[in-house]
Each structure stands twice: as C-alpha cells, then as structure tokens.
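Just dropping this structure here.
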Amino acid sequence: MLSQAEEAVFYEDLKTCGLKRRRLRELWAFLQCGLVNLSDSDPDWIQTTEEQAVLDLARSILIFEEAVLPGEAVNLAVRALEAEPALRQRFGSPVVLADDYLLMSRASQRLVNLLATGKIAVAGSEKTALPAFEPYPCATGFAEFETAHAPLQRVTLEAPFRSLERAWEAAPDLAGEMALIARTIAEELAGGTSPDAIAVVGTNRTWRANLQRALTSVDIPAAPMRHPAFKAPKGDLAPASDNEREHVLRQLRDSITRPDDSHGSRACTRAGINDAATRNNPPASPCAGDSIAWRQWLSFDDALGRSAAVSELRRIAQPQGLNLAEALAALDADALPGLPATSPFTQSLLTPYREAQRLLAKRSGNDQPTIVTSPAAAANRARESSSSSKADTALSLANLTETRENDAAATPTSPAPAVAIAAPEDLFGHTFEVVIFGGFVNGFIPSRDMCDPGVIVGGARVRQEATDRDTIALAEQRATRRLLFTSFESCDLETAERLRLHIPRIRLRNGVRTCDIEPSNYLQELNLGIRQTSGPTDQSHPSA
C-alpha cells in the first residue's frame with residue numbers, strides 16, 4: 001500500500017498522461033472520490049475518454065509497481081467481503097462499535113457494516129465537522145445506516161460525555177500570552193502531566209512558530225504536530241532528506257533475496273490486489289527488490305525526468321510481464337529489447353539504480369541479502385506468474401496484513417515526549433488531557449477578512465462561520481480534562497500587520513504605535529467572557 005510520500009511519486013507518474021495540471025487534479029479527485037464512494041459499481045461511472053485514460057494509466061502504474069492505493073484497498077475489501085461470505089466469517093466480529101462514523105468514507109462505512117456478524121453500533125456527531133481520517137467522508141452515513149438496518153435503536157446524547165474544565169485567560173500583550181501558556185504548561189508538568197498529553201492549538205502558523213521558540217527558550221519540550229494533507233498532490237516534490245534515502249535503502253535491503261532463499265521476502269510474497277491483474281509469486285523465486293521502494297529511490301533528485309523514463313520503461317517491460325524491479329534488473333544487464341543502453345531514458349534510470357546497488361553492497365554483510373540482477377530469472381518469474389480468479393483476489397486482499405505504514409511504525413524511533421504545537425485540523429485522531437487554544441483573538445479566529453464588514457458576505461460568510469465553530473468544537477472534543485482559551489489585548493502595529501490581526505484602534509504608547517486587540521467574537525458563545533466592544537476605528541488605517 002502506498003504511503004503518503006509514495007503516493008506523491010505515483011501522482012508525478014500520472015502527469016505523463018499529458019493533461020494540464022488543474023484538469024488532472026480535478027479528474028484524479030473525481031476518480032478517488034468514486035472509489036471510496038463505491039461508485040465503480042455503476043457501469044456509467046466513467047463517462048468521458050479523459051476519465052478512462054487517467055484510470056487506465058493509474059491501473060497500469062499500480063500493476064507495474066505491484067502497489068495499491070489506500071482508497072482502493074478499502075474499496076477492494078468491501079468487494080471481497082460482499083463476494084466471499086467465508087471471508088466475513090473469518091474476519092467478522094459478533095459485536096462491532098464504530099466511532100466517528102460520519103468521518104469515514106462510504107466504503108469504510110460499508111466495510112464496518114460487513115464486518116459485524118451479530119450486533120453493530122455506530123456513533124458520531126451529526127453536526128458538520130472538518131474532514132478527517134479520510135478525504136471524502138460520507139455525511140449521509142447515519143441515514144443510509146438506518147435504511148440498511150431498520151428497525152434499530154437510536155440514542156441521542158444531550159449532555160457532554162465527560163466533564164471538562166473550561167476557562168479563558170487574557171494577557172496584556174503577545175509576549176505575555178506566550179508567558180501565560182508557558183506558565184500553564186509548567187504547572188501541568190509539575191503536577192505530573194506528561195508533555196505528550198498537552199497540546200497547544202493555534203490557527204496562525206507564525207504564531208505557532210513563535211510559541212515553539214518561546215517554549216524551547218524556557219526548557220519546555222515542544223514539537224510541531226503535522227497532519228497529512230488529503231488533497232491530491234499539486235506536483236512539486238520536496239527534496240529528499242538523508243533520512244528518507246536511508247529509509248528507502250533499508251526497504252530495498254530487506255526486500256532483495258538470494259536465489260537460494262527458501263523463505264523469500266515480503267516484497268516477493270506480496271500479492272498484487274489490483275482488479276486489472278493479479279500476481280502469485282512463488283516464494284522460492286529470486287526477487288529483484290520491492291518495486292515501490294525502487295520507484296521511490298528513482299524519484300530522488302529528478303522527479304520529472306524519472307517519471308518520463310519510468311513511463312518509457314513501463315511501456316516496454318509491462319507487455320513482457322515484468323514489474324519495475326525486474327525491468328530495472330533486465331535493463332542493468334542490457335537484456336531488455338526495445339530500450340537500448342544508449343537511450344537517455346536508460347542512463348537516467350541506471351545511474352541511481354547502480355548507485356543504490358553500490359550502497360547496498362557496501363553495507364551488506366555475509367548474512368545480508370544480495371541483489372539479483374539476472375534478467376533470465378526475472379523473466380522466468382514473470383512468465384510463471386498467472387492471473388487468478390476474483391475469489392483469489394479476494395483471498396489475497398484478506399491476507400494482506402502488512403502495510404508500508406506498519407513498516408514505518410516498526411522503525412526504532414522513539415523521540416522524547418514533547419508538547420504538541422498544532423493547527424486545529426492536526427488534532428483529528430488524537431486526544432490530550434490538556435488543550436490550550438492560543439491566539440483566540442479577532443484576526444486569527446475569525447479571520448481579519450471576516451472581522452471587516454463587506455469583505456466576506458453571503459453564503460461564503462456562513463460557511464466560514466460554520467468552519468470556525470467546528471474548529472472550536474474540535475478542540476473541545478480532543479481535550480479530556482482541561483481546555484484553556486488564551487488571548488492578548490495589545491500588539492505593536494508592525495507585528496499586527498504581519499500576523500493579519502484585526503485592528504479596531506491604534507494608539508501611541510511610549511513612542512510605539514500599538515494596536516488594541518480584541519478576543520475572538522466567538523468567546524461570548526462559549527460563555528467564558530463578555531465580548532469586548534471596540535472603540536472608534538482609526539479611519540486612516542487600511543483595515544478600517
């Protein structure tokens with residue numbers, strides 16, 4: 001299964017279809033949404049030649065790399081359980097409880113329903129919420145669940161599930177708010193609270209960066225908490241770090257087997273689970289490595305050129321039944337008809353391929369796997385593989401228990417506990433004993449454009465207000481014991497402009513133009529304080 005970084009490389013390869021970037025993003029989002037919504041069961045799901053071309057290219061790339069997309073895996077799991085009742089008996093459970101049901105895609109909701117053999121309970125908030133866990137949550141899940149399982153018992157919780165200490169504190173200035181947050185965290189740590197049980201949330205990126213530096217300066221461990229973006233990649237891969245290269249080299253080392261290795265590797269025994277083709281690899285066959293890891297390695301340094309080269313390699317090698325790892329081995333031995341050694345594409349691929357071979361050979365000992373580059377062995381392996389029935393595909397999917405995310409989780413990295421510095425959306429999937437919502441002022445939440453009348457109006461304003469309230473509700477849901485909102489009352493003009501704060505009044509204090517800053521307009525809705533009323537606005541200021 002492709003990780004987030006590997007999926008970004010896959011999207012780079014998808015660009016070889018020739019469509020404009022914006023059009024490709026739209027089509028790929030449509031296809032991904034269709035997979036997780038189970039739209040592919042409708043024969044009229046694909047209606048244009050562009051859609052079909054992108055889908056065919058995506059399938060071709062996935063087969064060549066023996067990979068599967070996360071959304072596709074859930075889709076195939078549903079199809080497998082629907083087609084094979086034996087799988088439901090094997091993997092089902094007498095009682096299933098699914099929380100945050102409305103934050104799942106329709107495929108995940110269906111999968112949960114299929115896994116329940118006796119009793120099922122689903123829970124979630126019917127209020128609108130920011131997308132989480134999956135890129136295309138199904139908001140109609142409760143209605144569809146009631147239709148599928150009627151009659152059923154419905155319980156509505158009128159009161160909060162847990163008692164939560166809620167408070168608001170204001171500091172005289174921005175530095176004072178940083179000190180207030182640091183003091184609050186220090187008191188929690190002194191009381192026995194673990195650093196990783198505390199999260200500080202802020203809607204402004206610059207404010208979060210300044211807070212992290214402020215906490216570090218007083219010896220409070222703090223680290224940013226990043227949440228993976230669920231939108232289609234926009235196509236600009238970030239330069240690879242040394243850690244990423246080392247991680248891919250470890251994957252290659254673990255996936256490459258000797259010809260006499262009777263057990264084989266995870267990559268060799270992996271069964272492809274794409275609906276277009278399936279591979280059953282004999283475990284005793286020599287393996288040229290994990291195709292996904294090889295593709296990740298090739299993406300380093302020249303993502304654009306390598307995508308074109310891999311596309312040409314796939315065009316020649318795939319009809320011969322070779323996957324990417326086998327094709328690279330044959331290309332290295334100059335035994336791949338149709339792609340001569342003098343081709344620029346060949347040189348583009350062989351340079352990093354041989355560099356990886358050199359690094360692996362240098363690091364491997366007598367007990368480490370060695371790279372198999374025999375084109376005859378690769379070709380024989382490909383010819384011996386045969387496509388299986390849909391039932392075999394279902395069983396292969398059910399037996400797929402290892403993912404690349406599990407491999408990453410197994411990596412021996414245990415950083416020291418630290419206070420999480422997070423954007424609101426980063427809190428999905430996590431709970432903390434203490435959540436501090438800092439920078440709770442006008443300009444941050446709501447934004448400055450929302451504070452200035454006439455900038456955002458109509459439906460856009462209603463949607464933004466709903467998003468802001470969801471953001472606040474999310475912070476409340478992620479805290480188990482204490483929720484503290486903090487704000488500051490003044491800031492110098494230069495900083496206020498840089499942070500895009502709402503500026504109701506500017507005063508000259510000690511020779512410095514200082515802005516009055518109001519706490520968030522949403523504070524009154526929380527019953528934590530009285531909304532401050534700003535004085536006359538400085539009409540000479542641009543925000544007036």
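Predicted, not measured: the structure shown is a model, and the values here were computed from it. Counting from 1, the numbers follow the sequence of the chain as shown.
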Taking the side chain from Ser291 and the backbone from Glu66, do they hold a donor-acceptor pair closer than 3.5 Å? no
Do any N or O atoms from the side chain of Glu6 and from the backbone of Ser3 form a donor-acceptor pair under 3.5 angstrom? yes
Who are the side chain to side chain donor-acceptor pair (under 3.5 Å) partners of Asn204, not counting sequence neighbours?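 Not a single residue meets the side chain to side chain donor-acceptor pair (under 3.5 Å) criterion with Asn204.
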For the pair Arg79 and Asp40, find out whether any cationic side-chain nitrogen is under 4.0 Å from an anionic carboxylate oxygen.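 Looking at Asp40 together with Arg79, the answer is yes, because their closest N to O distance falls below 4.0 Å.
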How far does OG of Ser39 sit from CG of Asn75, to the nearest 0.5 angstrom?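 Result: 9.0 Å between the selected atoms.
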Exercise: identify the closest heavy-atom pair between Phe64 and Ala327: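 It is CZ-CB, 4.0 Å.
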Taking only residues at least two apart or on different chains, which pairs with a member in residues 313-324 satisfy salt bridge (charged side-chain N to carboxylate O under 4.0 Å, His left out)? Glu312-Arg315
Side chains of Val78 and Leu114, heavy atoms from C-beta outward: is any pair under 4.5 Å?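 SC-SC contact between Val78 and Leu114 confirmed.
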Distance in Å, Leu102 CG paired with Phe145 CZ, rounded so as to fall on 0.5 Å steps: 11.5 Å
Under the criterion side-chain hydrogen bond (donor to acceptor under 3.5 Å, both in side chains), I'd like the reasoning laid out for Ser299 against Gln296: C-alpha separation, chi angles, the key distance, then a yes or no. CA-CA 5 Å; Ser299 69; Gln296 190 73 3; 4.5 Å; no
Side chain of Ser255, backbone of Gln251: donor and acceptor closer than 3.5 Å? yes
Rounded distance [0.5 Å steps], CZ in Arg88 versus CZ in Arg90: 15.5 Å
side-chain contact (heavy atoms from CB on, under 4.5 Å) assessment of Val200 paired with Trp207: CA-CA 11 Å; Val200 183; Trp207 183 91; 4.0 Å; yes
Only counting residues at least two apart or in another chain, list the ones meeting side-chain contact (heavy atoms from CB on, under 4.5 Å) with Ala214.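 Ala214 satisfies side-chain contact (heavy atoms from CB on, under 4.5 Å) with Met178 once adjacent residues are dropped.
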Only counting residues at least two apart or in another chain, list the ones meeting side chain to side chain donor-acceptor pair (under 3.5 Å) with Glu26.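 Not a single residue meets the side chain to side chain donor-acceptor pair (under 3.5 Å) criterion with Glu26.
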Are any side-chain N or O atoms of Thr16 and backbone N or O atoms of Ser311, one a donor and one an acceptor, separated by less than 3.5 Å? no
Minimal non-hydrogen separation, Ala197 against Phe432, with atom names: O-CB, 3.4 Å
Euclidean distance, Leu111 CG relative to Leu81 CG, rounded to 0.5 Å: 6.0 Å
Could you walk me through whether Val310 and Phe345 pass side-chain contact (heavy atoms from CB on, under 4.5 Å), step by step? CA-CA 8 Å; Val310 171; Phe345 290 139; over 6 Å; no
Would you say Cys138 and Met104 make side-chain contact, with heavy atoms under 4.5 Å? no
Side chains of Leu313 and Leu328, heavy atoms from C-beta outward: is any pair under 4.5 Å? yes
Closest heavy-atom pair and its distance - Arg208, Gly202: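 Between these two residues, the closest heavy atoms are NH1-O, 2.7 Å.
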Chi angles and distances behind the side-chain contact (heavy atoms from CB on, under 4.5 Å) call for Leu336, Thr346: CA-CA 10 Å; Leu336 189 63; Thr346 301; over 6 Å; no
Quick one: does any side-chain atom of Trp297 pair with a main-chain N or O of Pro352 as donor and acceptor, under 3.5 Å? yes
Main chain of Cys33, side chain of Asn37: is a donor-acceptor contact present, judged purely on distance under 3.5 Å?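 Yes.
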In terms of heavy-atom contacts, Met1 and Leu69 come closest through CG-C, 4.5 Å
With Arg23, which residues qualify under side chain to side chain donor-acceptor pair (under 3.5 Å), at least two apart?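 Only Glu50 meet the side chain to side chain donor-acceptor pair (under 3.5 Å) criterion with Arg23.
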Find out whether Leu189 and Ile198 are in side-chain contact, i.e. whether some heavy atom of one side chain is under 4.5 Å from a heavy atom of the other. yes
For side-chain contact (heavy atoms from CB on, under 4.5 Å), just list the numbers for Leu2 and Leu62, CA-CA rounded to whole Å, side-chain angles, deciding distance to a tenth of an Å, and then say yes or no. CA-CA 10 Å; Leu2 294 182; Leu62 292 171; 4.1 Å; yes
With side chains defined as the heavy atoms from C-beta onward, is the minimum distance between Ile46 and Leu31 less than 4.5 Å?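 Yes, close enough: below the 4.5 Å cut-off.
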Rounded to the nearest 0.5 Å, what separates atom CD in Glu65 from atom CH2 in Trp294? 13.5 Å
For the side chain of Ser93 and the backbone of Val96, is there at least one donor-acceptor N/O pair under 3.5 Å apart?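 No, the answer is negative, given that no donor and acceptor are paired below the 3.5 Å cut-off.
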Can you tell me which residue among Leu322, Leu350, Ile316 is in a side-chain contact (heavy atoms from CB on, under 4.5 Å) with Leu331? Leu350
Do you know the tightest heavy-atom contact between Leu14 and Leu57?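 Smallest heavy-atom distance, with atoms named: O-CD2, 3.6 Å.
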Where the side chain of Arg295 meets the backbone of Leu324, is there a donor-acceptor pair that is under 3.5 Å apart?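 Side chain of Arg295 to backbone of Leu324, a donor-acceptor pair under 3.5 Å: no, none is there.
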Taking it one step at a time, do Ser194 and Asp196 satisfy side-chain hydrogen bond (donor to acceptor under 3.5 Å, both in side chains)? CA-CA 5 Å; Ser194 175; Asp196 55 8; 2.5 Å; yes
What distance do Ile61 atom CD1 and Ser307 atom OG have between them, rounded to the nearest 0.5 Å? 8.0 Å
Just so I know, are the side chains of Arg106 and Glu144 near enough to count as touching, which here means a heavy-atom distance under 4.5 Å? yes
Is there side-chain contact between His430 and Leu427, with heavy atoms separated by less than 4.5 Å?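 Answer no - side chains too far apart.
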Can you confirm whether Pro94 sits close enough to Lys119 that some side-chain heavy atom of one is under 4.5 Å from a side-chain heavy atom of the other?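 No, their side chains stay 4.5 Å or more apart.
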Do side-chain atoms of Thr351 reach the backbone of Ser348 as a donor and acceptor pair under 3.5 angstrom? no
Without swapping roles, check the side chain of Asp426 against the backbone of Ala423 for a donor-acceptor pair under 3.5 Å.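 Pair found, side chain donor or acceptor close to backbone of Ala423.
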Measure across Ala325 and Asn323 and return the closest heavy-atom pair with its distance rounded to 0.1 Å. N-OD1, 3.2 Å
Summary of side-chain hydrogen bond (donor to acceptor under 3.5 Å, both in side chains) pairs that have at least one residue in residues 107-116, sequence neighbours excluded: Glu82-Arg110, Tyr101-Asn113, Ser105-Ser108, Ser108-Glu134
